[in-house]
Peer 1: 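First the structure, then my questions, so here it is.
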There are 2 protein chains.
Amino acid sequence: MYMERNQPDFGAAEWSLPTRCAACGVRMASLCGGISAAALDALNRIGRKRVLRRGEALIWQGDVADQVGILHHGLVKLSASLEDGREQMLGLAFPADFVGAIADRPSSHCVTALTDTELCVFPRSALPGIVEAHPDIGQALLSRAYDELDHMRRWMLLLGRKSAEERVASLLLQFAARGGCMAGAAVPLPLTRQQMAELLGLTIETVSRKLTAMKRDGVIALPDLRSFVIQDRAALSTIAAEYP
Amino acid sequence: MYMERNQPDFGAAEWSLPTRCAACGVRMASLCGGISAAALDALNRIGRKRVLRRGEALIWQGDVADQVGILHHGLVKLSASLEDGREQMLGLAFPADFVGAIADRPSSHCVTALTDTELCVFPRSALPGIVEAHPDIGQALLSRAYDELDHMRRWMLLLGRKSAEERVASLLLQFAARGGCMAGAAVPLPLTRQQMAELLGLTIETVSRKLTAMKRDGVIALPDLRSFVIQDRAALSTIAAEYP
DNA sequence: CGTCATCTTGAGCGAGGTCAATGATGGTGG
DNA sequence: CCACCATCATTGACCTCGCTCAAGATGACG
């Protein structure tokens with residue numbers, strides 16, 4: 001991702017973009033993609049780079065967050081916890097994704113870095129003004145919010161009704177779809193078993209057992225701990241109980 | 001809710017609002033609340049009333065919905081199903097709530113009336129134009145989308161990590177909060193046991209057993225099938241595993 | 001007062017959680 | 001280069017919670 005920082009030409013010459021945003025590797029895929037040079041310049045002035053080390057949090061559950069961000073590099077989780085420590089991962093944010101809340105009230109969730117991470121952060125208080133001044137950004141936010149609602153609905157179906165094996169298979173299919181890997185190629189697993197369990201509403205032991213079972217049945221292969229290969233996609237889809 | 005239709009003055013005289021919207025009992029609480037008379041007039045021309053009988057669907061999972069709506073009267077559920085018939089309720093919509101999607105792709109969920117229902121519906125194709133012409137509506141949609149995301153996050157924590165008893169107690173507390181009932185008063189239960197089970201990711205038998213257990217323990221009373229009384233709010237909150 | 005839908009209760013079972021021991025992996029410093 | 005340690009993953013034994021199946025009870029309504 002970050003190598004693009006050294007890319008000399010990104011269309012910048014034509015628009016005379018401000019330096020930092022012009023060099024941003026995720027800009028075109030993010031909220032800032034379609035906006036004018038003037039709007040980008042305005043953003044450039046209020047945004048700043050922030051680095052999170054693995055495990056560090058950007059937003060805490062229960063706190064009123066003062067920052068929103070656009071992820072540049074790394075992997076971030078959203079999660080919610082109960083007082084006794086039980087934790088449910090609510091989703092992941094990948095580069096170019098927007099994280100943060102709009103409403104001025106305690107956050108329903110935590111935002112935590114799963115790897116060392118770089119984001120472009122803005123004060124939350126600046127959001128209303130930005131949205132008002134740049135309706136494009138407002139519409140992009142709206143469209144992304146509805147995408148996320150859709151995604152969470154599918155996840156609620158998984159959490160409410162799918163068996164452990166169905167959940168694990170669904171997650172593998174989702175990683176495969178995201179990676180856009182060709183058939184037979186190894187798909188990277190961005191999560192540990194423990195993190196997969198948090199995301200699926202299961203325990204680490206159950207995730208491990210189900211992976212082993214699918215490997216034993218020849219549905220997948222596990223060349224190492226951080227990747228897998230789909231050996232029988234039809235079987236995996238059937239196990240996942242998903243429309244193909 | 002609907003009695004307000006007969007209310008003679010709703011600020012209408014000052015603005016000369018078009019007849020139908022002026023008489024709308026949920027307007028001020030809905031997306032249409034804060035907009036100008038001209039904007040309202042524009043909406044009035046493209047919106048129309050639609051009645052759903054109990055069990056009838058407005059939007060089907062898998063179809064590209066051509067309508068969005070604002071609920072006037074009645075109760076509506078959002079739900080998602082697996083091919084084999086397992087179903088998870090994703091949420092409820094109450095009067096003044098907006099239902100429908102923005103994106104032009106198959107809907108992730110079903111929208112079905114739980115009671116006889118009246119909505120104001122618009123062609124989905126009109127939405128982008130409306131949002132562009134009336135930024136207030138766009139911002140109201142955005143704010144509601146984030147509210148719904150927050151609500152779904154809390155529900156994902158429930159589905160992923162809470163026990164059956166915790167789930168039932170959480171739902172009762174939510175009904176109590178919604179109704180705004182004073183302590184000791186009977187809170188109406190808008191759902192059957194079966195519907196509560198669908199919403200909580202449980203079976204009807206488990207819901208029934210947990211309700212009976214809480215009644216036996218003096219935490220709640222069940223004067224009839226469609227209401228309950230909180231007899232020990234602290235205990236109910238504790239059971240629900242929720243911050244007070 | 002009969003009929004149908006809804007709800008409750010019981011008995012038994014099985015998926016997944018818990019607890020515990022063992023095995024792999026990878027980074028670090030001697 | 002390798003010994004050491006921390007982290008991560010696997011596997012087994014056991015148990016519990018919630019599901020399934022089945023039978024009654026209650027309530028709504030003509």
Side-chain angles (χ1 to χ4, degrees), chain A residues 53-55 75 77 82 84-89 114-116 158-172 188-217 220-228 239-241, chain B residues 54-55 82 84-88 114-116 158-172 186 188-217 220-228 239 241:
Chain A
R53 307 208 50 95
R54 184 159 71 98
L75 184 61
K77 74 169 177 180
L82 296 172
D84 62 14
R86 280 175 285 175
E87 177 171 343
Q88 176 64 44
M89 207 186 289
L114 292 180
T115 66
D116 290 351
L158 178 147
L159 291 177
R161 298 297 172 191
K162 283 192 182 179
S163 71
E165 185 156 56
E166 288 166 342
R167 293 183 201 201
V168 174
S170 299
L171 183 62
L172 294 184
L189 273 175
L191 302 181
T192 66
R193 303 288 190 266
Q194 178 61 52
Q195 288 161 354
M196 292 168 69
E198 282 172 32
L199 187 53
L200 294 170
L202 298 172
T203 59
I204 182 175
E205 294 95 331
T206 301
V207 171
S208 180
R209 276 187 253 267
K210 296 308 177 186
L211 284 173
T212 306
M214 287 194 279
K215 175 184 176 185
R216 172 176 42 72
D217 298 345
I220 59 169
L222 295 168
D224 61 85
L225 286 177
R226 286 315 198 92
S227 67
F228 70 99
I239 294 172
Chain B
R54 182 159 72 98
L82 297 171
D84 62 13
R86 279 174 287 174
E87 178 172 340
Q88 176 64 45
L114 291 180
T115 66
D116 291 351
L158 179 147
L159 291 177
R161 298 298 171 190
K162 285 193 181 180
S163 71
E165 186 156 56
E166 289 166 342
R167 295 183 199 202
V168 173
S170 298
L171 183 62
L172 294 184
L189 274 175
L191 303 180
T192 66
R193 303 287 191 266
Q194 178 61 52
Q195 289 160 353
M196 292 169 69
E198 282 172 31
L199 187 53
L200 294 171
L202 299 171
T203 60
I204 181 175
E205 294 96 328
T206 301
V207 172
S208 181
R209 275 188 253 267
K210 297 309 177 186
L211 283 173
T212 306
M214 288 194 277
K215 175 184 174 184
R216 171 175 42 74
D217 297 344
I220 59 169
L222 296 166
D224 61 84
L225 286 176
R226 286 313 198 92
S227 68
F228 70 101
I239 294 173

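Naming: A, B, ... by sequence-line order, numbering from 1 per chain. Predicted model, so just to flag it, every value in this text is computed and none were measured.
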Peer 1: dC7(C) P sits how many Å from Leu191(B) CG, rounded?
Peer 2: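 Rounded to whole Å, this separation is 10 Å.
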
Peer 1: With a strict under 4.0 Å distance from non-hydrogen atoms of chain A, what nucleotide opens and what nucleotide closes the contacted stretch of DNA chain D, reading 5' to 3'?
Peer 2: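 The protein-touched segment is dA9(D) to dA13(D).
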
Peer 1: Between Leu225(A) and Ala164(A), which is nearer to the 5' end of DNA chain C once each is assigned its nearest nucleotide?
Peer 2: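 Counting from the 5' end, the first nearest nucleotide belongs to Ala164(A).
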
Peer 1: Are there over 12 heavy-atom neighbours, none belonging to Arg54(B), within less than 6.0 Å of that residue's CZ?
Peer 2: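 Check fails, neighbour count at 12 or below.
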
Peer 1: What pairs with Arg86(A) under side-chain contact (heavy atoms from CB on, under 4.5 Å), at least two apart in sequence or on another chain?
Peer 2: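 Arg86(A) satisfies side-chain contact (heavy atoms from CB on, under 4.5 Å) with Leu82(A), Asp84(A), Arg161(B), Glu166(B), Ala241(B) once adjacent residues are dropped.
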
Peer 1: Excluding sequence neighbours, so at least two apart, what forms side-chain hydrogen bond (donor to acceptor under 3.5 Å, both in side chains) with Lys210(A)?
Peer 2: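 None.
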
Peer 1: List in chain and number order the residues that pass side-chain contact (heavy atoms from CB on, under 4.5 Å) with Leu225(B), two or more places apart in sequence or in another chain; answer none if no residue qualifies.
Peer 2: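 So Leu225(B) forms a side-chain contact (heavy atoms from CB on, under 4.5 Å) with Arg193(B).
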
Peer 1: Atom CD1 of Ile239(A) and atom C1' of dA15(C): how far apart are they, to the nearest Å?
Peer 2: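 Taking atom C1' of dA15(C) as the reference, CD1 of Ile239(A) is at 16 Å.
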
Peer 1: Five pairs per end, C1' atoms only: what is the angle between the end axes of the helix from dC1(C)-dG30(D) to dG30(C)-dC1(D), to 10 degrees?
Peer 2: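 Helix axis angle between the two ends: 40°.
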
Peer 1: My understanding is that only residues two or more places apart in sequence, or in another chain, count here; which of them pass side-chain contact (heavy atoms from CB on, under 4.5 Å) with Ser170(A)?
Peer 2: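 In terms of side-chain contact (heavy atoms from CB on, under 4.5 Å), with neighbours along the sequence ignored, Ser170(A) is linked to Leu158(A), Lys162(A), Ala240(A), Glu242(A).
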
Peer 1: Over how many whole Å does the gap from Leu189(B) atom CG to dT6(C) atom P extend?
Peer 2: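 After rounding, the gap between these two atoms is 15 Å.
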
Peer 1: Rounded to whole Å, how long is the line connecting atom CG of Leu222(B) with atom P of dT6(C)?
Peer 2: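 To the nearest whole Å, that distance equals 18 Å.
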
Peer 1: Tell me every residue that passes side-chain hydrogen bond (donor to acceptor under 3.5 Å, both in side chains) with Gln194(B), counting only those two or more places apart in sequence or in another chain.
Peer 2: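 Once residues adjacent in sequence are excluded, Gln194(B) has no partner under the side-chain hydrogen bond (donor to acceptor under 3.5 Å, both in side chains) criterion.
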
Peer 1: So do the side chains of Leu202(B) and Val168(B) get within less than 4.5 Å of each other, counting heavy atoms only?
Peer 2: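 Answer yes - side chains close enough.
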
Peer 1: Does Glu205(B) have any salt bridge (Lys or Arg N to Asp or Glu O under 4.0 Å) partners at least two apart in sequence or in another chain, and if so, which?
Peer 2: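 With sequence neighbours excluded, Glu205(B) shows a salt bridge (Lys or Arg N to Asp or Glu O under 4.0 Å) to no residue whatsoever.
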
Peer 1: Please give, in whole Å, the distance from dT8(C) P to Lys210(B) NZ?
Peer 2: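 It is 14 Å, rounded to the nearest whole Å.
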
Peer 1: Could you pull out the closest heavy-atom pair between Thr206(B) and Ala164(B), with the gap in Å?
Peer 2: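 Looks like CG2-CB, 3.6 Å.
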
Peer 1: Rounded to whole angstrom units, what separation is found between the CZ atom of Arg193(B) and the P atom of dT8(C)?
Peer 2: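 Roughly 4 Å, once rounded to whole Å.
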
Peer 1: Quick one: Glu165(A) CD to dG14(C) P, roughly how many Å, whole number?
Peer 2: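 For the pair Glu165(A) CD and dG14(C) P, the rounded distance is 17 Å.
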
Peer 1: Checking all strands, does Leu211(A) fall into the base, sugar-phosphate, or nothing category for heavy-atom contacts under 4.0 angstrom?
Peer 2: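 It contacts nothing in the nucleic acid.
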
Peer 1: Could you tell me which residues satisfy salt bridge (Lys or Arg N to Asp or Glu O under 4.0 Å) with Arg53(A), sequence neighbours excluded, listed by chain and number?
Peer 2: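 Result, salt bridge (Lys or Arg N to Asp or Glu O under 4.0 Å) vs Arg53(A): Asp116(A).
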
Peer 1: For DNA chain D, whose closest nucleotide is more 5', that of Thr192(A) or that of Arg161(A)?
Peer 2: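 Whichever sits nearer the 5' end wins; that is Thr192(A).
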
Peer 1: I'd like a list of close polar pairs between nucleotides 9-11 of chain C and the protein, N/O only, cut-off under 3.5 Å.
Peer 2:
from, atom 1, to, atom 2, distance (Å)
dT9(C), OP2, Thr212(B), OG1, 2.9
dG10(C), N7, Arg209(B), NH1, 2.8
dG10(C), O6, Arg209(B), NH2, 3.3

Peer 1: Between Asp224(A) and Thr203(A), which has a closest nucleotide on DNA chain C that is more 5'?
Peer 2: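 The 5'-side residue here is Thr203(A).
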
Peer 1: Within the pair Ser163(A) and dA15(C), is there a side-chain N or O less than 4.0 Å away from OP1 or OP2?
Peer 2: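 Answer no for this pair, as no side-chain N or O of Ser163(A) is under 4.0 Å from OP1 or OP2.
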
Peer 1: Which residues satisfy the side-chain contact (heavy atoms from CB on, under 4.5 Å) test with Asp217(B), sequence neighbours excluded?
Peer 2: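 For Asp217(B), the residues satisfying side-chain contact (heavy atoms from CB on, under 4.5 Å) (neighbours in sequence not counted) are Val219(B).
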
Peer 1: Identify the heavy atoms of Met214(A) and Ile239(A) that sit nearest to each other, and give their distance.
Peer 2: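 Where Met214(A) meets Ile239(A) most closely, the heavy atoms are SD-CD1, 4.2 Å.
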
Peer 1: Arg226(A) CZ to dG27(C) P: how many Å, rounded?
Peer 2: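 Nearest whole value for this atom pair: 12 Å.
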
